[in-house]
Protein chains: 2
Amino acid sequence: MAVTVDLVVLTVRADELQALVIRRGEEPFRGEWALPGGFLDPGEDLPTAAARELEEETGIVADRFHLEQLASYGAPDRDPRMRTVTVAYIALAADLPTPRAGTDAAEAAWRPVRELLATPETLAFDHEQILRDGVERARAKLEYTPLAAAFCGREFTITELRRVYEVVWGTTLDPRNFHRKITGTTGFLEPTDATTTRDGGRPARLYRVGAATTLHPPFLR
Amino acid sequence: MAVTVDLVVLTVRADELQALVIRRGEEPFRGEWALPGGFLDPGEDLPTAAARELEEETGIVADRFHLEQLASYGAPDRDPRMRTVTVAYIALAADLPTPRAGTDAAEAAWRPVRELLATPETLAFDHEQILRDGVERARAKLEYTPLAAAFCGREFTITELRRVYEVVWGTTLDPRNFHRKITGTTGFLEPTDATTTRDGGRPARLYRVGAATTLHPPFLR
DNA sequence: AGAATAGTGTCTATTAGACAGTATCCC
DNA sequence: GGGATACTGTCTAATAGACACTATTCT
């Protein structure tokens with residue numbers, strides 16, 4: 001009985017929700033796309049293993065981003081080699097440099113979630129299901145936690161935050177109502193003194209994430 | 001590397017949230033209280049193992065109640081025997097017969113969650129943390145799913161359902177507002193033709209759970 | 001009749017959603 | 001000045017919370 005960890009790493013790039021996938025360099029499923037992941041080492045904690053596998057396979061250091069456990073998958077036939085149970089994690093990250101392929105991975109890339117889930121058999125193992133569950137978790141968490149900010153940089157504008165909601169949920173939100181609601185939720189945003197004009201037009205105030213961990217009342221889709 | 005399953009089985013008894021615990025009949029932690037659970041068999045699926053262990057240790061058949069995965073726990077030192085990763089499940093059940101002790105269990109009993117969590121070291125392994133997480137999951141799920149009905153029988157009154165919310169959340173709810181809100185949520189309740197006077201007073205209409213799986217808008221605590 | 005619980009109705013304050021106008025930068 | 005984006009404000013409909021009364025059973 002072997003235990004593995006797999007990661008659903010999500011980011012918002014080019015106005016799309018994208019996931020980090022690797023092209024497998026080893027059997028089984030050699031040459032096919034899969035989620036990054038690998039075997040749990042003896043003596044190693046689960047989140048540590050997740051961070052290690054992510055770095056080994058994609059070169060991305062799990063620094064400054066949100067990592068949480070998603071669920072475990074243990075269907076007896078999920079891995080043709082042997083009986084495995086995998087503990088899946090989701091990681092939410094701001095836009096990051098292009099990943100580089102590492103151990104056991106022939107290639108690493110960001111791919112739009114829409115594409116990965118458009119047709120079955122795109123991902124190895126049961127990774128399509130894991131990705132679906134991870135995306136659904138992320139969507140749900142935006143409703144009742146300030147987690148949308150995990151997709152932004154350290155400082156961000158309200159418009160950038162709104163774009164995250166729009167992209168992840170696939171909806172459009174009224175900028176004025178969004179602004180009112182989000183600034184009215186205590187603990188979500190912490191204003192800074194700085195502004196930016198990176199989006200053009202009038203300078204926008206920059207914010208950091210506040211201390212709140214849950215949103216009362218939640219932001220419903 | 002061994003994989004186990006553990007269960008947080010919750011019910012509402014005597015106006016309290018109670019959990020199913022067993023007294024361990026084997027080392028380690030022999031004689032101490034723990035959550036029911038055990039090793040995953042080769043070729044066995046995770047939820048199947050959860051149901052099997054529950055029946056083996058407590059005699060309770062996982063029929064007609066809600067079983068869902070909670071999370072996995074894999075700290076390297078969580079089991080003194082060997083390296084184990086456990087996949088925890090939560091089960092929500094209506095009031096059930098007193099459990100009987102089975103394999104590996106010297107005793108099985110319902111115990112109020114309040115008591116179990118009042119003092120540390122009450123439960124073996126990391127089961128206190130698992131119980132805490134399970135209770136918090138149940139509390140949260142009452143907000144946005146019709147899962148409160150899982151604590152009731154097949155047919156139940158609105159007052160009985162309200163008592164579930166009150167006991168699990170530890171709050172009091174206005175009966176009139178609760179009635180209005182819950183009957184106004186499409187798909188939550190399906191009225192039957194029957195009534196009951198088991199609570200005394202005017203006969204109350206009996207309901208079954210409807211088709212809804214999520215509540216829009218949610219019931220906030 | 002009285003006790004006990006079920007169910008319905010009303011008022012009010014808050015919130016969500018739709019929508020328009022003003023402000024401040026860059027070129 | 002023109003273009004672009006940021007921010008503020010108003011109206012209205014729906015909702016949540018507080019609260020009181022009527023209805024139907026059993027003893």
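All chains are named by letter (A, B, ...) in the order of the sequence lines, taking the proteins before the strands, and each is independently numbered beginning at 1.
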Just the rounded figure in Å: distance from [atom2] of [N] to [atom1] of [X].
X	N	atom1	atom2	answer
B/Leu189	C/dA6	CG	P	14 Å
B/Arg198	D/dC26	CZ	P	15 Å
A/Leu161	D/dA6	CG	C1'	15 Å
B/Asp199	D/dC26	CG	C1'	14 Å
B/Arg205	C/dT5	CZ	C1'	15 Å
A/Glu160	D/dC7	CD	P	11 Å
A/Ile158	D/dT8	CD1	C1'	12 Å

- Item | salt bridge (charged side-chain N to carboxylate O under 4.0 Å, His left out) evaluation trace for A/Glu166 with A/Arg163 | CA-CA 5 Å; A/Glu166 292 181 331; A/Arg163 288 300 301 151; 2.6 Å; yes

- side chain to side chain contact (heavy atoms under 4.5 Å, CB included) between B/Thr86 and B/Ile130: does it pass, once the steps are laid out? CA-CA 10 Å; B/Thr86 194; B/Ile130 298 176; 4.1 Å; yes

- Does A/Tyr165 have its ring centroid less than 6.0 Å away from the ring centroid of A/Phe219? yes

- Can we call the ring centroids of B/Tyr73 and B/Phe125 under 6.0 Å apart? no

- Message: When you compare the side chains of B/Ser72 and A/Ser72, does any donor N or O come within less than 3.5 Å of an acceptor on the partner?
- Response: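 There is such a pair (donor and acceptor under 3.5 Å, judged by atom type) between the side chains of B/Ser72 and A/Ser72.
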
- Message: Assess the residue pair A/Phe65 and A/Leu10 against the criterion (side chain to side chain contact (heavy atoms under 4.5 Å, CB included)); give the C-alpha distance rounded to whole Å, side-chain angles, the decisive distance to 0.1 Å, and a yes or no.
- Response: CA-CA 11 Å; A/Phe65 63 82; A/Leu10 299 174; over 6 Å; no

- When we call it a touch if two heavy atoms are under 4.0 Å apart, what does B/Thr159 touch: a base, just sugar-phosphate, or nothing? sugar-phosphate

- Per-nucleotide protein contact string for nucleotides 15-27 of chain C (B base, S sugar-phosphate only, - none; heavy atom under 4.0 Å): -BBBBB--BBB--

